[in-house]
Every structure is written in C-alpha cells, then in structure tokens.
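One structure is given below, encoded as structure tokens.
Start at 1 and go down the list; that is how both ligands and their atoms are numbered. Being a predicted model, the structure only gives us computed values, none of them experimental.
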Amino acid sequence: MTRPVLRFYNSLSRAVEPFRPIDPANVRVYSCGPTVYDYAHLGNLRAYVFTDTLARTLRWRDHPVTHVMNITDVGHLQSDADEGEDKMEARAREAGGDIWTIARTYTAAFQRDLADLRIVQPTRMPLATDHIAEMIAFAETIADRHCYLLDTGLYFDTSTVPDYGRLARARDDEGEHRIDPVAGKRHPQDFAIWRRSAAHENRQMEWDSPWGRGAPGWHLECSVMSRLYLGERFDIHTGGVDHREIHHPNEIAQNQAYCGCADTGATVWMHNNFLVERSGKMSKSSGEFLTLGALVRRGFHPLAFRLMCLQAHYRSEMEFGWDGLVAATVRLKRLVQATAASRARAGEAVDDTPAPPAVEALLARFDEAVCDDLATPRALVALDELLALRKLPPAAVLVGVGRMDKVLGLDLLALDRAALRTRPADAILDEAAVEAKLAERREARAARDFARSDAIRDELAAAEIEVMDGDELGWDWRPRA
Ligand code: AMP
Ligand code: ZN
C-alpha cells in the first residue's frame with residue numbers, strides 16, 4: 001500500500017509542501033529551546049509538545065532523526081529586538097543570586113517538564129554559554145563584510161544579505177517589535193551580534209572578544225549551534241510563531257552572511273501558534289504565569305495537558321482554560337480505561353504482529369492525518385474509533401494503539417487509572433483517605449444505612465471530592481474541578 005506523502009507547512013513559502021529530506025536516513029531538526037531564567041510556562045511547553053510530535057512523526061515515517069534543541073542561558077534580551085536587559089542577568093540581579101545557579105536550576109526544571117510530558121529527549125541540548133568561542137569565530141568571519149561597530153557592540157547590517165525579512169515578510173514593518181532605541185544603527189532591523197558591556201553594567205556573564213568585553217547577541221547562538229551540530233544545510237527549524245518575526249529572520253541573515261549565499265540554513269521553517277489566556281498571550285515576563293508544576297499541584301496529570309495540545313492543530317491559536325483541561329482529563333481517562341480493558345483481556349501485546357484489516361484501515365487514516373502537516377486532532381479521532389472496535393481481539397486493538405501512541409506519546413500502554421487519579425497538593429484528603437471513606441460508604445450502603453452513606457458523600461464533597469455512583473467508566477470518584 002502506498003503511504004501518503006509527508007507534508008509540512010513551511011513558513012518561508014507560507015504553504016503546505018511535500019517534505020523532501022536532504023538525507024532520508026538522518027533528518028536533521030533544530031528547535032529553539034527555552035531561555036532558562038525561570039520555569040517554562042505552558043505556552044513554551046506547547047512549543048515543545050509540537051516539536052516532539054514532529055520528531056515522533058518523522059520516526060513514524062521511518063526517518064532516523066537528529067534533533068538539536070539549544071538552551072539559551074545568555075543573550076536573550078527582554079524584548080526580542082535589541083531592547084531591555086539580558087533576561088538572565090535581570091533575574092539574577094532581582095533574585096540577588098548566582099546566574100549560573102539560576103541557569104542550572106531552570107534547565108533541570110525544564111528537563112523534568114519534558115520527561116513529565118513524555119517529550120522524547122532531543123539528541124543534544126547544547127548550552128549557549130558552552131559555545132562562546134565558536135560564536136566569536138563565526139562573528140569574526142562575517143564581521144568585515146556584514147557588520148559595523150558601535151559603542152554598544154557589533155551590529156549586523158541587514159541590507160548586506162538578499163531578501164532580509166522574507167520569512168517575516170516584515171521588511172517595511174515599523175510595528176512595535178521594530179522600535180529600537182540603539183543610537184547609530186543603520187537600519188531599524190539591524191541587530192547586535194556582540195554586545196559590549198557598558199561601564200556601569202556589572203554583568204555576571206561576560207567574555208573578552210575582538211569587539212570588547214561583553215556577551216553574544218541572542219540570534220548568534222542558534223546560527224552557530226545549528227551549523228555545528230547539523231551542518232550548513234539541514235531539514236527543519238522550529239520555534240514559536242513569535243520567532244518568525246525577528247529571531248529567525250536574523251538567524252537566516254547570519255547564515256547567509258556566513259555561507260556567502262542565499263541559503264537559509266534549514267529548508268523548512270515551522271512555527272507553532274501561541275497558547276493564550278483570555279487576558280492575552282502567556283508570557284514569562286508577565287509576572288504570574290502557568291507552569292506544569294502549578295497544573296500538577298491542582299491535581300491534573302501532565303499528560304492531560306499534552307492531550308489538550310494534541311487536540312488543537314499546532315498552527316491554531318489555543319486558548320488555555322481549566323474547563324478545557326478538565327475535558328482533556330476526561331478524554332484521557334476514557335482512552336486509558338479503554339486501553340486498560342483491552343490489556344486486561346489480552347495479556348501482553350506484541351507490537352510487530354500483523355494487524356487485522358480493520359486496524360490497518362484506521363492506522364492508514366491515522367497516517368494520513370499526521371502526514372498532513374501533523375493534523376493531530378484528526379489522528380485522535382482514528383484512535384477513538386480504534387478503541388471503539390469492540391468485536392476485534394483485544395491484542396489486535398492494542399497493536400494499533402501501541403503504534404499510534406508512538407506519535408501521540410500519551411503512554412497509553414503503561415498508564416493505569418490509579419496514575420491518573422492525581423490529587424491537588426493542598427488536598428484535604430489524600431488518595432488513601434478517599435479510598436477508605438469510599439469503602440466505608442460501600443459498607444453502609446450494603447447495610448442499607450443510607451443516612452450514613454449520604455453523610456460520607458457530603459463529607460467527601462466538603463473535601464472537594466465528587467463521588468461518582470454508576471459512572472459509566474467505573475470511576476468511583478474525582479476531584480472537583
Ligand atoms: P523562550 O523561553 O521565551 O525562549 O521561549 C521558548 C519557546 O516557547 C519559543 O519557541 C517561543 O516561541 C515559544 N513560546 C513562547 N510563548 C509562547 C506561547 N504563549 N505559546 C506557544 N509558544 C510560546
Ligand atoms: Zn533560536
């Protein structure tokens with residue numbers, strides 16, 4: 001059977017295109033990683049659920065993948081353009097702490113978030129600060145022909161490369177991101193390659209360079225690390241849609257300057273849309289923001305958030321709301337329940353057993369969906385239908401679930417009901433106490449002591465536990481949303 005063509009939306013052409021890997025036996029993907037001055041918020045994590053879905057889909061299509069995701073521990077200013085302070089330095093100053101400790105702390109927290117969301121560890125996660133020498137060497141190569149020196153540092157002249165801003169289509173954009181206070185810049189879009197420390201600045205992270213003591217501009221690290229680990233030309237570069245406007249056009253400009261050609265580095269540039277709250281885009285600098293830890297403390301399972309992300313197409317804006325998370329939790333429970341029921345009946349499923357035609361047909365629909373620019377909402381429908389095929393031997397269903405879950409990453413073959421019955425950190429009753437109360441209530445009902453049974457129900461309700469008599473999925477209770 002011929003499989004559908006794998007297609008991705010390329011932000012360069014603003015069109016869905018067939019994916020043609022440079023080397024089908026090693027697809028090379030670079031993802032802009034987090035800036036580690038704080039926890040990742042749920043919007044950042046949406047970006048990494050997207051890159052994970054991409055990497056998993058490439059593997060599903062039998063392509064080995066080299067996936068590089070950088071850790072930005074220096075250089076990212078408070079605005080994506082050359083405005084404000086270095087986010088890392090600003091945080092260290094506010095906290096009165098050691099910047100390297102801050103970077104290590106939040107890098108480790110990010111790694112835990114990835115693991116909790118079953119995001120496959122990228123092949124490499126290089127740190128910007130481990131590549132200062134390479135960044136200086138890169139800048140030296142392009143400095144004469146493409147850069148100019150100001151008191152504040154070395155700047156890239158965007159008029160020296162072909163078609164600057166093609167990705168953003170923002171050549172004439174004078175929008176808010178383009179307002180730039182740096183005196184002496186030749187064009188508003190020009191950007192710092194190396195930033196000189198000001199006399200009063202007192203940075204914790206700074207290095208000597210031919211352009212003075214200071215730190216690299218943010219865009220430089222991604223040009224340097226993608227080139228170092230993936231080569232001058234590689235397949236896919238990802239980031240949030242904000243990166244399409246400044247960071248990625250600037251990376252492309254640097255890549256072109258370095259190769260002395262019109263190549264953009266990556267062939268395909270892919271961008272996830274934002275996770276938004278009713279009050280606006282979720283952002284780390286906006287004070288209060290939602291982390292995966294906060295969600296878990298409220299009693300949600302991280303994979304409910306992963307499922308919530310998969311229910312939306314990565315190019316659509318997604319609104320975060322607790323109701324939506326409750327709905328995703330219910331859907332995840334259904335999936336886990338149905339899979340667990342098949343598991344109980346089938347024993348161990350063997351992944352490479354041939355699947356019967358009904359399962360193959362749904363796998364083909366799943367394939368068609370994920371290959372169509374990662375249409376995960378449609379892929380999930382194929383999974384729902386597979387689990388609804390009641391007449392098939394359970395082992396056959398499990399083979400299909402196992403294959404689909406390689407892309408979805410919901411851990412369906414391992415999760416059980418108990419794992420999903422998480423409780424808020426500040427819950428009045430822990431899980432064992434709830435179970436004990438329910439056992440007591442069952443005894444009361446068996447003894448037809450309905451007054452006692454109702455009293456226990458009320459007691460549980462006061463502790464935010466809803467008793468679910470006769471729930472079709474067989475759940476005895478759930479935390480109140
Ligand atoms: P940062 O830690 O700010 O460097 O961002 C890490 C990644 O998250 C980048 O790819 C951003 O484009 C992406 N991102 C930031 N905010 C959001 C959001 N609200 N929704 C989705 N992605 C986001
Ligand atoms: Zn980047």
For this output row, return yes or no: ring centroids of [X] and [Y] closer than 6.0 angstrom.
X: W322; Y: F300; value: yes
X: Y106; Y: Y37; value: no
X: H131; Y: Y229; value: yes
X: H243; Y: H237; value: no

Non-hydrogen atoms of [X] versus ligand 1: any pair closer than 4.0 Å?
X: V36; answer: no
X: H271; answer: no
X: M318; answer: no
X: G33; answer: yes

How does N272 reach ligand 1, if at all, at less than 4.0 Å between non-hydrogen atoms: by side chain, backbone, both, or neither?
-> side chain

Have a look at ligand 1 and work out which part of D242, if any, has a heavy atom under 4.0 Å from it: side chain, backbone, both or neither.
-> side chain

Under 3.5 Å: N/O of [X] near N/O of ligand 1:
X: G43; value: yes
X: G240; value: yes
X: R46; value: no
X: T35; value: yes

Which of these passes salt bridge (charged side-chain N to carboxylate O under 4.0 Å, His left out) with D372: R365, R378, R315?
-> R378

Subset of ligand 1 atoms that lie under 4.0 Å from at least one heavy atom of Y48 = 6 (C), 7 (C)

H76: numbered ligand 1 atoms lying under 4.0 Å from its heavy atoms | 4 (O)

Distance under 6.0 Å and angle within 45° of ring axis: R14 vs Y9 = no

Do R186's NZ or CZ and the ring of Y148 fall within the cation-pi criteria of under 6.0 Å and 45°?
-> yes

Could you tell me whether the side chain of [Y] reaches within less than 4.5 Å of the side chain of [X], counting heavy atoms only?
X: D38; Y: M88; value: no
X: T376; Y: Y314; value: no
X: L325; Y: M308; value: yes

Are there any protein N/O/S atoms under 2.8 Å from the Zn ion (ligand 2), and if so, which?
-> C32 SG, C222 SG, H247 NE2

Please walk me through it: do R7 and E368 pass salt bridge (Lys or Arg N to Asp or Glu O under 4.0 Å)?
-> CA-CA 10 Å; R7 285 156 298 157; E368 205 284 317; 3.7 Å; yes

Let me see the working for H219 and W194 under ring-ring contact (aromatic ring centres under 6.0 Å, His included), right down to the final yes or no.
-> CA-CA 10 Å; H219 318 295; W194 186 267; over 10 Å; no

Option nearest atom 17 (C) of ligand 1 (shortest heavy-atom distance, choices W218, F274, F110) | F274

